[in-house]
Amino acid sequence: MSATTTIKPNPNYKRIATEEAWAPAELIVRYRKLYESGALGDPGFDSLWGFYSSSTAPRPTFIREKLADLGDMRIADMDATGIDHQILALTSPGVQVFDKAEAVALARETNDILNDAVRKYPTRFSGMTAIAPQAPEQAAQELERCSKFGFKGIIINSHTHGEYLSDPKFWAIFEAAEAMNLPIYLHPNTPPPKMIEPFVEAGLDGAIFGFGVETGLHLLRIITAGVFDRFPKLQIIVGHMGEALPYWMYRLDYMHAAGVKAARYECMKPLKKKVSDYLRENVYITNSGVAWEPAIKFAQQVIGVDRVMYAMDYPYQYTPQEVIDLDNMNMDVATKKKFYQSVAEQVFKLA
Ligand code: 1DF
Ligand code: MN
C-alpha cells in the first residue's frame, strides 16, 4: 500500500490536502478499551473502532501505524505523493465518544501534541482544533486557546452521543467559530444508535455509505434549523464531495419550500434563503475519498470553483495514483490551482 512512484512537486500549484487524519497511539488504545467495555452502547463506534483498533489485517494495521506518526514517516509519505501541506485533524470520532470531563481533557492533550508537530514542520502541517461539543462553553475556550497556536479550523466528527449541532444548546460553538473566523470541518462519524441498525446489518455503516448519510443529514439539519441565518458568516466544510448534497440541491430547494409553505412541520421554519444558497455561501466541499473528475466538476459547477478543494484522507485512502489522476483532470490550470491550493489557502487563511 506504500507509494511505489514518487510524485514530483507541481510547478503550477501547491498540493494542499485538507482532511488528513492523525491519532496518538494512546487514543487508539482508549478506543479499544471503550469498545471492549461495551459501555458506550453505540454499534457504529463498536463496528468502526472494534475493527480498526485491533484487526491484524493489512489495511487497519497500516492505518494504525500511519495515524500515530506526525513526523518523518508522514513527511516521507507526503513527499512520495507530492503533497506539499496537510491540514491535520484528530481522527473520527475524536474525543466525542468520551464523557464530558474526559473529552475536554483529551481535546487539550491532543491539541498540544498536534501543536508540537505543527511547530516542528510549519511548512508541511497545519492543525485543526479538536473540541468536545458535549461541553460547548469549554469547547469555545479551547478554540480561543488553540487560535493562539495558529490552528486553522475546527474538527467536529458529526453526532456527539447521538446529538446534532442543529440543537441550539451547541450554538456557543458556532458563535465562537464565527467570531474567530474559523471554519468548522464537519467530518463523518458512523450513524448514531437510533439510525444504525439497517446500515450495520448490511455492513454499510462506515465510510462506504453510512458516514456520508449521517454527515449529509447533519449538515442539512444545520441548514434547516436556521444556523446560517443566525450566524451568516459561519463557514462549514464537508468532505466526500459534500456528502452528496450538491446532487440533491434542486430537490432540497423544491421540497423545503413546499414543506414550509404548507406548514407541514412545526420544526421546519422559513429560512431567509434557499437551501442551495447556503450550500453556495456557507459551505466548502472537499473531494476526500472521491478522486473522480465528473463528481469534482459537477460540484464546481453547482457550488462554485471557489468552494471545492482537494483532500486525500490520509491514511485512510493513501493512493498515489489518485494524485496523478487529479493532476491529469481535463481542467484549465487556473481552476486546478484553485482546487489544489487557493481555495484551501483562502478558507483556512494559510499565510
Ligand atoms: C474511514 C474513512 C475512517 C474516513 C475514517 O476515520 C475516516 C474508513 C475513522 O475508511 O473507515 O475519516 N474518511 O473520512 O473517509
Ligand atoms: Mn476522513
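Order of listing sets the numbers, starting from 1, for every ligand and every atom in it. Values reported hereafter were calculated over all heavy atoms of this structure, with side chains retained and with hydrogens, waters and symmetry mates removed.
The nearest heavy-atom contact from the protein to atom 13 (N) of ligand 1 is D313 OD2, 2.6 Å. Atom 9 (C) of ligand 1 has as its closest protein heavy atom Y316 OH, 3.1 Å. Ranking the protein heavy atoms by distance from atom 8 (C) of ligand 1 puts Y52 OH, 3.2 Å first. In this structure, atom 2 (C) of ligand 1 lies nearest to the protein heavy atom A207 CB, 3.6 Å.
A donor and an acceptor atom, one from each side chain of Q346 and Y284, are located under 3.5 Å apart. For the 3.5 Å distance criterion, the side chains of S158 and E214 qualify, holding a donor opposite an acceptor. For the residue pair H85 / S126, a side-chain donor-acceptor distance below 3.5 Å is found, with atom types taken as modelled. Counting only N and O atoms by type, the side chains of Y340 and D327 include a donor and acceptor under 3.5 Å apart. Q341 and E345 are linked by a side-chain donor-acceptor pair at a separation below 3.5 angstrom, with hydrogens and angles left out of the test. Side-chain N/O atoms of Y35 and D42 include no donor and acceptor closer than 3.5 Å. Side chains of D205 and S47: a donor-acceptor N/O pair is present below 3.5 angstrom, by distance only. Counted by atom type alone, Y278 and D229 present one or more donor-acceptor pairs between their side chains at under 3.5 Å.
Residue S92 has at least one heavy-atom neighbour below 4.0 Å for each of these atoms of ligand 1: 6 (O), 9 (C). Atoms of ligand 1 found under 4.0 Å from any heavy atom of F211, numbered from 1 in the order shown, are 1 (C), 2 (C), 3 (C), 4 (C), 5 (C), 7 (C). For ligand 1, the atoms closer than 4.0 angstrom to any heavy atom of T91 are 6 (O), 9 (C).
Take the Mn ion (ligand 2) and draw a sphere of radius 2.8 Å; the protein N/O/S atoms inside it number 3.
Ligand 1 has at least one atom lying under 4.0 Å from a heavy atom of H187.
In terms of heavy atoms, G239 sits closest to T286 at CA-OG1, 3.2 Å.
Heavy-atom proximity to atom 10 (O) of ligand 1, evaluated over H240, E20, R59, is greatest for R59.
Salt-bridge annotation for E281 and R307: absent, with no side-chain N of the basic residue lying under 4.0 Å from a carboxylate O of the acidic one.
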